[in-house]
K.L.:
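Provided herewith is a single structure, encoded as structure tokens, for subsequent inquiry.
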Amino acid sequence: MLETLCYEEKDALLQNSHPAAVMLFLAVLFFQALLFAHPLYLMGIFIIIILAVVVSGAYEKCEPYLAMSLWVAVLLVIVNTLFVHTGQTVIWRSPVLPVLGRLDISLEAICYGAVMGVRFLIVLLAFALYNAVVHPDKIMSVFSRFAFKSALVLSLSTRMLPAVARDLTNVMEVQQMRGVQFGTGNLRERLRKYSWLLEVILISSLEGSLQIAEAMQARAFGSGPRSRYQRFPVRPRDGIIGLASILSVTLAVYAKARGFADYVYYPQLGTLAGNFPALVWPGLIALALLPVVLMGWGWRHCLSWRSKI
Amino acid sequence: MSLMEIQNLTYYYPDSPKPAMKNIDFTLDEGEFILVAGSSGSGKSSLARVLAGLIPDFYGGRLIGRVFFNGSELRDAERRLLCSSVGIVFQDPEKQLVMTSVEAEIAFGLENLGLPQDEMFRRISEVMSFLGLSPLQQEFTANLSGGQKQKVALAAVLAMQPRLLILDEPTSQLDPMAAEEFLNLVERLNKELGYTVLLIEQRLERCFHLADRLLVMERGEIVCDAPAAEAARWQVAHAHGFIPPVARLFALLDCGAIPLTVKDGRRELKRMLPASTYSAAQPAANKIPQRQAPREKLSQNPAVLEARDLWFTYPNGREALKGINCSIGRGDFAVILGENAAGKTTFLKQAAGLLKPGRGSVAVVGKDTRAASLPDLVRHIGYLSQNPNDYLFQDTVEEELRFTLDNLGIYDHGVIENVLTQLGLSAVRGVNPRDLSGGERQRVALASVLVANPELLLLDEPTRGIDYLLKAELGVLLQRLNRQGMTIVMVTHDVEFAAEYASRVILMFDGRIASDGTARQVLENSLFYSPQAARLFRGFADDVLTVRDGIEVVGKIIRTGGELVNASKPK
């Protein structure tokens, strides 16, 4: 299960772009999902993120999230139906139930639940796609430009984690061979036995940290102002991804500020496309992000594009 | 002018009344390759730290005397300049990498020096190409093998373009193949690129011949500083043992020239011995196999550990054991040799009951490991894992031993006292085990296993990274326990150790047993898993495994005027 969610090299455009640009793209999708409650706007973003998942070859990795958010959508519909009784378009009225009384299932509640499900799905997909296309190490190196020390601590712990996990198995085996029975005793005794494991790991890690500090000192850490090594080249594709993201988010903020994206569910569903801008803006916002998807498609299907972007 | 010079240096670690180094006088010239040997705690690492400027900068403490780098005193040197002029690679590859990817790791030191991007890129690309790391450029460092990690650590130091490269037991945590590869790189750096190298190393047989000078350290002092051959002669005269078998043999024979490699050694032997003693060097393994079953000579005692058609596949799908049939009798001292991932450790864990057979069966003292519970098995089995630190967490050595007894519900009938005495730990019984040296820690871990008085003792690479003195101590201790009736099964890469102490050798390859018999049968018949002395005497005499054997054979041949070709050495 865990392996299926982790990064895997798939030769996708987003995996071969500058991590900062990819992060910006995903952040914009995430932000817009939170910004909008309007079904049309959300639909536009939803289409873009689904396309991005498909052209990145990350569908398999995102599938569990799809299933999950489907359930969340169903749950939202149920909860809304049960607890929000302000919807006026009642589709079905239940007989009197014990405790709950009479339930009105309104169109508003169903629509609201469904749209919130989509919203939730976009947020989840943004994270899933992030996991699938951004190598954790790359992101660390981007962050180290802003907060070097925090990034270094993060990097050290990421590096140590597999080693600590391995140590833990070894120490557990060793203690079992010294007669510790982890499976027996009451909760308190068991906790005590596990605390022995942690004690060994903790002492060993403390000793290790001193050695690491020494190695860092020997490699001139803290000897003066540092420079930053630029590992990832910047290519036209990064510019396009960045520009598209910025354009899209600017349009989104403008539309929201002007009130084009306002939408009411209760007590009665608002009209979807009452005025002219309401129809155009969601299209524009999604369209701005389309180049990213197009490039992703070309990356796979027109190999000659690769040298251009 | 020498590159580095130390004048009359004495150094105390903080809060230590005893100097870690005293009266050190030492010079290092550009382009030299210096090998430093000495037992643990003799001050080798402290010397390395002084040269790298970590003492006193990182460690504090009190330093008396003067250290010069390139003519100017080290204490005035700017740290940045020093770090870029002297590079140091440490023992444990796990404990010196900081970044998550190979490229970022190599860049780390350069960033610290504040170099511009172009310069960093040039250096990183060059060093990666030279060390063959390009395919690993974006690899997550935690996924690398030990050998690769150590290579990355070397690359990270080389990228800083130091004038002096210090290597503090860089191969102690590596398997022999990775160690060989690493030392070959070091040789190239010295010979082809002219790097000045100071190497601290325990596996002398691989680097003794490379050194221009050998420093032997003892109790914080340099007791010998001479070219390798001369140093070998000096050590033999002064009962030191930091000499690989070939050099030791010729030094003991008091030859005029002391050869340092097997090739030179064989040439020297041919010169020394009558021509008739040499039969066209047919490696023993090429001979028509004798039709004798190797098992015949093994002990016929009842089995303590018996594996029958043992197969095992890990949950990740790796098939680690493929049809192992093996019976280890009471009182055997068996050593399992083999390359990495040959299934040695897996077999040991099967024997310990930590893993259960996939197919087939394992029986320990007559109990089938599938049927018996682990707590039931551990009363009969002692298990020492690779890393002694996995054992130590109590406040004192004595409590560490008591911990095992309490868990097993054994009443202390003076057994703690007895084990402490046997392992020479009585003096440190009240000390926190984490304050002890590496060798002592290992003994405490072993003691915490031995208190339960196991019938079967399983050891996983106990000789890794320890010096020849500790190794000899361990060997003698294990032999003594073995004579007292303990059955010992030990996994190791150390062929010399197996030759010296084991009664039985099992050679594993790819999850199967490739060879199994008495130590002599297996090691003599093996081409590559043969000790240096056996390689040296191939064609002269078949029965040589250790330096002692070699000297006896040479004496015999010389006395009898060359009648002894391939005759067995009298036991």
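Order of the sequence lines sets the chain letters (A, B, ...), proteins ahead of strands, with each chain counted from 1.
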K.L.:
Please work out whether the ring planes of A/Trp305 and A/Trp297 are parallel, tilted or perpendicular, with thresholds of 30° and 60°.
P.N.:
perpendicular
K.L.:
Is the B/Phe393-B/Phe403 ring centre distance short of 6.0 angstrom?
P.N.:
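Centroid distance B/Phe393-B/Phe403: below 6.0 Å, so yes.
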K.L.:
Please check if the side chain of B/Glu126 supplies one atom and the backbone of B/Arg123 the other of a donor-acceptor pair under 3.5 Å.
P.N.:
no
K.L.:
For the interface with chain A, which of B/Arg79, B/Gln137, B/Glu78, B/Lys349 has the highest count of heavy-atom pairs at distances below 4.5 Å?
P.N.:
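With the most close heavy-atom pairs to chain A, the winner is B/Arg79.
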K.L.:
In terms of side-chain heavy atoms, does B/Asn389 have a donor or acceptor partner in A/Ser204 at a distance below 3.5 Å?
P.N.:
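Per modelled atom types, B/Asn389 and A/Ser204 side chains form no pair under 3.5 Å.
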K.L.:
Return the option, out of B/Gln96, B/Glu103, B/Gln138, with the maximum number of heavy-atom pairs under 4.5 Å with chain A.
P.N.:
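Winner by heavy-atom pair count: B/Glu103.
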K.L.:
Indicate yes or no for a side-chain donor-acceptor contact from A/Arg237 to the backbone of A/Ile309 under 3.5 Å, with no hydrogens or angles considered.
P.N.:
yes
K.L.:
With a 4.5 angstrom heavy-atom cut-off, which part of B/Phe58 approaches chain A: side chain, backbone, both or neither?
P.N.:
both
K.L.:
Could you tell me which portion of B/Met160 (side chain, backbone, both or neither) has an atom closer than 4.5 angstrom to a non-hydrogen atom of chain A?
P.N.:
side chain
K.L.:
For A/Pro162, is it the side chain, the backbone, both or neither that has a heavy atom under 4.5 Å from a heavy atom of chain B?
P.N.:
side chain
K.L.:
Let me know if B/Val98 has heavy atoms under 4.5 Å from chain A in its side chain, its backbone, both or neither.
P.N.:
both
K.L.:
From A/Ile240 CD1 over to A/Leu13 CG, what is the distance, rounded to the nearest 0.5 angstrom?
P.N.:
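Answer rounded to 0.5 Å: 9.0 Å.
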K.L.:
Could you tell me which portion of B/Glu119 (side chain, backbone, both or neither) has an atom closer than 4.5 angstrom to a non-hydrogen atom of chain A?
P.N.:
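Contact with chain A is absent: no heavy atom of B/Glu119 under 4.5 Å.
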K.L.:
Can you classify the ring geometry of A/Phe30 versus A/Phe127 as parallel (below 30°), tilted (30 to 60°) or perpendicular (above 60°)?
P.N.:
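Answer is perpendicular, since the angle exceeds 60°.
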K.L.:
So, is the end of the A/Arg219 side chain (NZ or CZ) under 6.0 Å from the ring centre of B/Phe108 and within 45° of the ring's axis?
P.N.:
no
K.L.:
Flag the one option from A/Gln181, A/Met172, A/His135 with the top tally of heavy-atom pairs under 4.5 Å to chain B.
P.N.:
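Option with the greatest count: A/Gln181.
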K.L.:
Chain A heavy atoms under 4.5 Å from B/Leu97: which part of the residue, side chain, backbone, both or neither?
P.N.:
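Contact with chain A: backbone and side chain both.
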K.L.:
Let me know if B/Arg49 has heavy atoms under 4.5 Å from chain A in its side chain, its backbone, both or neither.
P.N.:
side chain
K.L.:
Quick one: what part of A/Ala151 sits under 4.5 Å from any heavy atom of chain B, side chain, backbone, both or neither?
P.N.:
neither
K.L.:
Please state whether the side chain, the backbone, both or neither of B/Glu105 comes within less than 4.5 Å of a heavy atom of chain A.
P.N.:
both
